[in-house]
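Below: one structure, written as structure tokens.
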2 protein chains.
Amino acid sequence: MAVLTRKQREVRDRESRILDVACEMLIEHGYHGLSMDRIAEVLEYSKGTMYQHFSCKEEIILALANASLTDRLALFRRAAAFPGRPRERIVAVGVASEFFVRLYPHHFRLEQVLRLSSVWEKTSPERRQFMHHCESQCVGCVSGIVRDAMASGDLTLPDGATPEQLVFGLWSMSFGAQTILASSTSLVDIGIGEPHRALALNQARLLDGYHWRPLSTEFDYEVTAERIATEWSADETKPADSQITSGDSTKTILSTKPTSASAT
Amino acid sequence: MAVLTRKQREVRDRESRILDVACEMLIEHGYHGLSMDRIAEVLEYSKGTMYQHFSCKEEIILALANASLTDRLALFRRAAAFPGRPRERIVAVGVASEFFVRLYPHHFRLEQVLRLSSVWEKTSPERRQFMHHCESQCVGCVSGIVRDAMASGDLTLPDGATPEQLVFGLWSMSFGAQTILASSTSLVDIGIGEPHRALALNQARLLDGYHWRPLSTEFDYEVTAERIATEWSADETKPADSQITSGDSTKTILSTKPTSASAT
DNA sequence: ACCTGAACACCGTTCAAGT
DNA sequence: ACCTGAACACCGTTCAAGT
């Protein structure tokens, strides 16, 4: 294996330190609080040096998002590998999503910023492609489960409907709920006390609407979700030092090692 | 009624002209393309004058969003007043949403920007409150229909579930789909050819999951949707001059006048 | 009373000059 | 070869000076 030179190590470390500081700034002061000036000032580099790592401010944001998305993909893959009936595996994906937002509470704010066309257009094709790769792989994970369900007879899609359409339903609902949630508009005064639970229940209803067996009225998926959650939580060892620098910090949860067998 | 002085008229006209130009800039060049400098330059006002109308750039964006939201509320109210069974009225709300995105294709980009905490925090309480008013009224429209369905026996919510939870499901799915759609990430290569149709079908499945009668398998809501759409389209007279200046331009569609009776 | 535009503080980005 | 920081163009916002 290639051993990095001292120089290369320095460069890599500096890059991760830039990302760490940028992430903190974004969490603390939002999009407008993130400035190249201030990152350079905190790290005591010159402004010019920043541009050797990232060609523009937007690239930093996309790099941060890609870091979280990599871990999300790992979580989704682990969920898809959950041993159980397809609908239980979908529940596992839901749990994975919840873990993800807990692990990266700031991620949805990154996505919000990146979805602004004036931001997106400034990013590099390479990083964009990586992001799309993660996204389509995540979609692929879920639509794979859908196909398994169809193969096993648990699910029969109506004429004209595709697995992707169903996945789009789950995705848009989850994405919408998380975005509404993240942007602080107090949901409580609209009457939603537990948004995460509300999301899970609505997703279950959507799948019921597709007649995906066993229906949520025939099987208690909430206990499945809790079992998966406690199982995965047990794998969380130490909270770890930094979120961005080393993907290692959360490696334990992200591995796809087999979990205990599930009830039918 | 109070007749405006010449001065007052001038001020009001100037304000609407500022909003018009700002809207164009946002559509054309995105968030970063909107600058106080350039608005002032186009309208040949001084930068200082801008701040007599809007205390900051973000206020302009929120004012634009409030203008569209006012019309959305009118559309939702008209939809809620649709004469038919509750589930048909929900379909009418869906059609209203589609009309809304056609009328204000830029609106979701405004919301995206406003949901950035660093933007939102700079806006005035008055305008924020107006936005929340519109939002909660829209939610209220829909949850009213849900309650009607419960009263008429078309819908029985499971223990612990609230009308608001169901509305949250519809809302998050719609919001998520529109946002994903608006931010250009080509959905086609994920396998979603007609996103709007996919959204409508998924919403129908969600309501089916709640056992809201008649189920989409028992009744063809697509023809209901088409009937409402053509009916409303007939009311669209002239395309009108400006979107923002006069709410009058779209008044015809937005009125809540009774429509023709619906099939059971 | 209203409007102006110079002035200020802060951006992102570049690049000639250093080491 | 790499790093620096002055310089540039462009922001949003303010406010003393005008009319």
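The chains referred to below are lettered A, B, ... by the order of the sequence lines, with proteins before strands, and numbering in each begins at 1.
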By side chain to side chain donor-acceptor pair (under 3.5 Å), Y45(A) pairs with (sequence neighbours left out) R17(A)
Counting primed atoms, P, OP1 and OP2 as sugar-phosphate and everything else as base, the B/S/- map of nucleotides 3-19 of chain C against protein heavy atoms under 4.0 Å is SBB-B---SBBB-----
Read 5' to 3' with Watson-Crick or G-U pairs under 3.5 Å, [ ] for crossing pairs and | for partners on another strand, DNA chain C gives ||.|||||...|||||.||
Side chain to side chain donor-acceptor pair (under 3.5 Å) filter on K122(B), not counting sequence neighbours, yields none
Hits for salt bridge (charged side-chain N to carboxylate O under 4.0 Å, His left out) against R197(B), two or more places apart or cross-chain, chain-then-number order -> E194(B), E222(B)
Across all chains, not counting sequence neighbours, the side chain to side chain donor-acceptor pair (under 3.5 Å) partners of S174(B) are none
The side chain to side chain donor-acceptor pair (under 3.5 Å) partners of D13(B) (sequence neighbours excluded) come to none
Listed pairs under 3.5 Å, donor-acceptor, residues 56-64 of chain A side chains, sequence neighbours left out:
residue: K57(A); atom: NZ; partner: L34(A); partner atom: O; Å: 3.1
residue: E59(A); atom: OE1; partner: S124(A); partner atom: OG; Å: 3.1
residue: E59(A); atom: OE1; partner: R127(A); partner atom: NH1; Å: 2.7
residue: E59(A); atom: OE2; partner: S124(A); partner atom: N; Å: 2.6
residue: E59(A); atom: OE2; partner: S124(A); partner atom: OG; Å: 3.1

ring-ring contact (aromatic ring centres under 6.0 Å, His included) filter on H107(A), not counting sequence neighbours, yields F100(A)
